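The structure appears right after this line, and notes come after that.
This is a predicted model, so every value here is computed, not measured. Heads up: numbering here begins at 1 and tracks the sequence.
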Amino acid sequence: MKEYDVAIIGGGFAGLACARKAASQGMRTVVLERKADLGNNIRTTGILVKEAADLLNLPQHLGKSIGGVRLYSPNGNSIDLCSPGYSFVATDTPEMMRWLGRQAEWAWADIRLSQNVSEFYQKNGKIQMPEAGVQARFVVGCDGARSSVAKRFGLSSNQQFLMGVEAEYEGIEGLDPDRLHVFLDSELAPGYIGWIVPGVGVQQVGIAVRQPHKPNFAKFEAKMGKWFDFSKAKVIGRRGGLIPCGGVVRKWHANQVMLLGDSAGMVSPLTAGGIYPSIEIGLQAGHAISEHLKGRLDHPAANILDMIPNYHFKGMMRWSMDHFVPPNFTYDIALRNPVFRRVAQILFFHHRGLLSAKAWKEIVFMNEKHPLIAR
């Protein structure tokens, strides 16, 4: 078996960020990804918050800046939300994942594709993965919402999920290209939202619902066809998958193993945002694992513990959304309510959410010269 210091199972945002950092610090690092191409079968819309785009230093050709959000009620009324100096980035997600893979390889990480790893054995202080012919001193599970690494090593698994589906289109007309179009609808998207993203060369149309509900994409598409021009549009791709929404799992690390990203439930229960924490924590975890294997840290989890999101408040909001689904007419009323708008403002434009002191400072001092919310 080929020996490595760090084996990362899964080549998503968290895994590639961790690999890049660990390899850059001299760790023999391998990423074992079951897909044949890092850009295939993408299960994310690929929208980056400003902080994530800045952290990655993403090449300009892989992303498109979007200045704000247009939030729709079920009857089609809408408000625009924006924040001075803040933007989102719609990405060419398949090419971004390939670029992230190249970044890790340039740091001397090995990226091994078409590797379906399901067996792990501990021997002589190392973890062996016979299917891949690899053994490593430390294993990082970044293998998705239903992590096989978590199951094999007795770590906690995600139990609560959203189910999302999305189609990529060419030719939808009538969209404002500088807005993320977000739709509130308790009948079509119970527990979450629908969206249309004017992306990089395509328009991404999607919907997610809280399980056990199932997304009715055809009905959502038909409704969008009444508001936007789909007459020349054609579908060029589809994707879907589970999104953890139960918060960080209780046990996400053990002696020689750690979970990151979706595998660890490091996804906001309220907004389902997980890309930024995956990148930020993945980079720090790569550094911490390196320090641990060099004998400078007892366990790398201790070094990133303060970075792990505390989703207690968002978890309570998730519980309320699951148990008290508002009828659609309340959304129509809410969009006219200034308090609702300010809460929406914070959720969309500050990755720390409703507990962000910076967010509330901006809201409190909102004025006509620097409007954070525009009609």
Side-chain angles (χ1 to χ4, degrees), residues 7-20 30-48 52 56 58 62-63 89-105 109-118 131-132 140-151 157-158 161-170 192 195-197 199-209 211 214-215 217-218 221 234-245 259-267 272-275 278-279 282:
I8 297 167
I9 315 303
F13 290 101
L16 294 174
C18 183
R20 175 181 173 181
V30 62
V31 176
L32 302 174
E33 168 57 53
R34 69 171 178 263
K35 295 184 296 187
D37 183 332
L38 291 174
N40 285 351
N41 301 318
I42 299 298
R43 296 188 177 184
T44 174
T45 300
I47 299 294
L48 302 183
L56 286 178
L58 192 70
L62 294 180
V89 178
T91 65
D92 180 342
T93 314
E95 284 303 317
M96 175 173 62
M97 300 312 298
R98 295 178 185 117
W99 175 79
L100 288 171
R102 291 193 295 273
Q103 293 288 305
E105 288 181 318
D110 286 346
I111 309 292
R112 294 177 56 174
L113 304 175
S114 300
Q115 300 287 319
N116 189 15
V117 181
S118 60
E131 296 154 302
V140 185
C142 302
D143 52 334
R146 294 191 181 277
S147 169
S148 61
V149 174
K151 294 175 184 177
S157 298
N158 295 295
F161 302 94
L162 301 172
M163 169 60 79
V165 293
E166 183 178 79
E168 287 188 345
Y169 290 77
E170 289 181 343
Y192 199 55
W195 61 88
I196 302 181
V197 179
V200 181
V202 298
Q203 300 87 45
Q204 298 162 237
V205 181
I207 188 173
V209 303
Q211 286 192 328
K214 295 182 179 179
F217 184 80
E221 181 187 42
K234 62 178 181 179
V235 176
I236 60 173
R238 296 185 184 274
R239 53 180 169 243
L242 296 175
I243 308 167
C245 65
L259 303 177
L260 294 176
D262 283 8
S263 300
M266 295 176 183
V267 179
I275 295 178
S278 289
I279 297 168

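Among all heavy-atom pairs drawn from R112 and A132, the shortest one is NH2-O, 2.7 Å. For the pair V200 and L62, the tightest heavy-atom approach, listed with the atom from each and the gap, is CG2-O, 4.2 Å. The shortest heavy-atom contact between K35 and I42 is NZ-CD1, 4.2 Å. Closest non-hydrogen pair, S263 versus D143, comes out as OG-N, 3.0 Å. Taking all atoms of both residues into account, the shortest heavy-atom contact from P215 to M163 is CD-CG, 3.6 Å. Between V31 and G10, the closest heavy-atom pair is CG1-O, 3.8 Å.
In this structure, Q103 and L16 have side chains that are not in contact, with every pair of non-hydrogen atoms separated by 4.5 Å or more. In this structure, L58 and M96 have side chains that are in contact, with non-hydrogen atoms separated by less than 4.5 Å. Side-chain contact between I243 and V267 is present, with at least one heavy-atom pair separated by less than 4.5 Å.
R98 has a carboxylate O that lies under 4.0 Å from a charged side-chain N of E95, or vice versa, which qualifies the two as a salt bridge.
Not a single side-chain hydrogen bond (donor to acceptor under 3.5 Å, both in side chains) links N158 to another residue, sequence neighbours left out.
Of the residues P244, S147, C142, the one that meets the side chain to side chain contact (heavy atoms under 4.5 Å, CB included) test with D262 is P244.
Separating the CD1 atom in I47 from the CD atom in Q204 is a distance of 6.0 Å, to the nearest 0.5 Å.
Heavy atoms of other residues, nucleotides or ligands lying less than 6.0 angstrom from CZ of R34 number 12 at most.
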